[in-house]
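Beneath this line is the structure, given in structure tokens, with notes to follow.
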Amino acid sequence: MWRLRNLGHLATQCCLLVGAAFLCLTGCQCISDQSNTVVEDQRVSLYDKSGSPASYDPQAMALMHQFQKALIHEDWAQAIECCSDAINEAASKYEATEAFFQTVVPIPRLTLLNNLPICAYHTRDGAAGNTGSYYESFVRLMEGEGEFSVSWKWRALESPSGWCVDFSITPLDEVIKQEVERRHTRLNEYRDSIIPILPAIAKIKLQLSAAKHRYRLGEPVVLRLELANNSDMDLAYDGQQVRVNHSLIVRDENGKEVPYTAGPVQTCGGDFALPSGQKVVLFDGLDISQQYALDKPGRYTVQFRRGLTISVAMDNQQFEDRGLHSLPCHDWPSNTVLIELTH
């Protein structure tokens with residue numbers, strides 16, 4: 001399988017076995033509110049079932065804004081009027097409509113949204129009353145790194161009688177509790193399946209070496225990196241990011257990290273076989289002076305730290321059945337190399 005990679009995705013995915021409990025209910029990277037940092041353009045391209053571009057339905061968008069406005073003004077009658085029959089039925093079981101909304105809707109978050117980014121567009125086919133379209137949006141409940149977040153999903157749903165707002169009627173605290181428990185279960189299952197692979201992990205070796213140990217300022221500082229599979233298990237590797245995106249740690253003689261000066265790079269690649277007992281050269285002739293601010297004389301240490309993904313060989317049926325391919329960490333540190341720069 002070929003895939004695109006960049007630094008932002010890899011940096012947040014290291015060592016799943018030591019992960020925290022709060023992981024996402026369901027994600028959308030175009031979420032924005034005044035308490036969050038906008039990380040991507042909030043405009044989303046929509047496509048209908050045939051793959052053709054689809055435009056926002058103005059009535060659907062107007063309804064979502066109307067619902068938000070009703071919550072801002074605490075107009076509970078107007079808010080429930082915007083909702084589907086199922087939501088109305090659920091709200092009728094509460095002592096008051098306000099109590100229903102306070103329990104199941106993240107009102108403070110939803111009312112702070114500057115816009116309502118649409119993260120998905122779907123068409124529904126089926127029996128009468130189950131046809132039409134809907135637009136999905138998300139509100140972040142808990143912030144975290146990458147997938148270490150919990151979100152709440154709501155949508156504008158098209159029905160035979162018009163558009164309506166629809167969402168889960170599960171209380172918010174229960175949503176978070178269920179998601180934490182679900183991810184705990186997944187982490188435990190992952191832990192159990194990874195145990196047989198731990199001996200292989202311990203025998204993966206990365207060897208970094210320099211063409212020489214003393215260079216003049218302005219001279220190319222050339223390094224080589226080899227990967228060895230010293231285990232008795234056939235593995236696979238994806239090394240498309242090993243040469244770019246701050247894959248090395250360079251420190252001066254005072255232990256201060258040398259700035260990475262090259263820009264971000266997106267790459268395209270895939271897995272290659274790494275049989276038991278074999279080694280491969282990940283890069284040779286890499287001039288790190290083109291990527292790091294090596295502009296002063298002195299002694300420096302260099303270590304490879306990230307950009308490599310190791311996987312179980314795809315033809316290993318034992319792990320194919322478990323749905324396990326990637327090993328639990330994208331950071332595979334190498335040995336440390338000492339170099340000296342002189343005038």
Side-chain angles (χ1 to χ4, degrees), residues 1-7 9-20 23 145-147 183-211 222-250 267-286 288 301-338:
M1 177 185 295
W2 293 88
R3 49 185 170 267
L4 295 173
R5 285 247 167 92
N6 59 47
L7 175 62
H9 292 297
L10 292 179
T12 61
Q13 296 299 317
C14 178
C15 297
L16 295 178
L17 291 179
V18 297
L23 300 173
E145 288 290 335
E147 60 181 306
R183 295 310 299 244
H184 267 307
T185 299
R186 288 190 59 186
L187 287 172
N188 289 336
E189 292 174 349
Y190 191 84
R191 178 203 62 199
D192 293 342
S193 63
I194 208 73
I195 287 175
I197 309 175
L198 292 177
I201 296 175
K203 294 181 180 179
I204 295 170
K205 183 178 181 181
L206 282 163
Q207 184 67 35
L208 185 67
S209 59
V222 179
L223 299 181
R224 173 187 174 97
L225 182 66
E226 292 185 347
L227 168 65
N229 178 9
N230 297 326
S231 74
D232 57 1
M233 180 181 294
D234 290 340
L235 300 172
Y237 72 95
D238 180 349
Q240 59 181 289
Q241 289 272 319
V242 297
R243 302 173 59 96
V244 295
N245 290 332
H246 205 176
S247 62
L248 305 168
I249 298 178
V250 182
T267 60
C268 182
D271 293 332
F272 292 90
L274 184 61
S276 171
Q278 299 295 309
K279 67 171 59 176
V280 294
V281 177
L282 296 176
F283 61 68
D284 194 8
L286 177 65
I288 64 171
T301 59
V302 186
Q303 183 182 33
F304 176 83
R305 63 169 175 177
R306 67 180 177 211
L308 175 68
T309 301
I310 304 294
S311 306
V312 176
M314 295 298 289
D315 59 354
N316 191 320
Q317 192 63 44
Q318 176 186 1
F319 297 102
E320 178 80 17
D321 292 341
R322 296 182 182 183
L324 178 68
H325 303 306
S326 295
L327 298 185
C329 193
H330 291 286
D331 284 13
W332 304 91
S334 71
N335 59 302
T336 299
V337 170
L338 176 67

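What's counted below: heavy atoms across the whole structure, side chains too, no hydrogens, waters or symmetry copies. Quick note: residue numbers are just sequence positions, from 1. Because the structure is predicted, anything quoted here is derived from the model rather than measured.
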Residue set satisfying side chain to side chain donor-acceptor pair (under 3.5 Å) with S231, at least two apart, ordered chain then number -> N229

Would you say that [X] contacts [Y] through its side chain, given a criterion of any heavy-atom pair below 4.5 Å between the two side chains?
X    : Y    : result
Q241 : R306 : no
L227 : I310 : yes
F272 : V280 : no

Work out which heavy atom in [X] is nearest to a heavy atom in [Y]; give both atom names and the distance.
X    : Y    : answer
D234 : P275 : OD1-CA, 3.5 Å
F283 : V242 : CE2-O, 3.6 Å
R305 : L248 : NE-O, 4.0 Å

Between atom [atom1] of [X] and atom [atom2] of [Y], what is the distance when rounded to the nearest 0.5 Å?
X    : Y    : atom1 : atom2 : answer
T309 : D238 : OG1   : CG    : 5.5 Å
L282 : F304 : CG    : CZ    : 7.0 Å
M233 : L274 : CE    : CG    : 12.5 Å
L308 : Q240 : CG    : CD    : 10.5 Å
N335 : T301 : CG    : OG1   : 11.5 Å

Residues 198-209 side chain polar contacts: donor-acceptor under 3.5 Å, at least two apart:
none

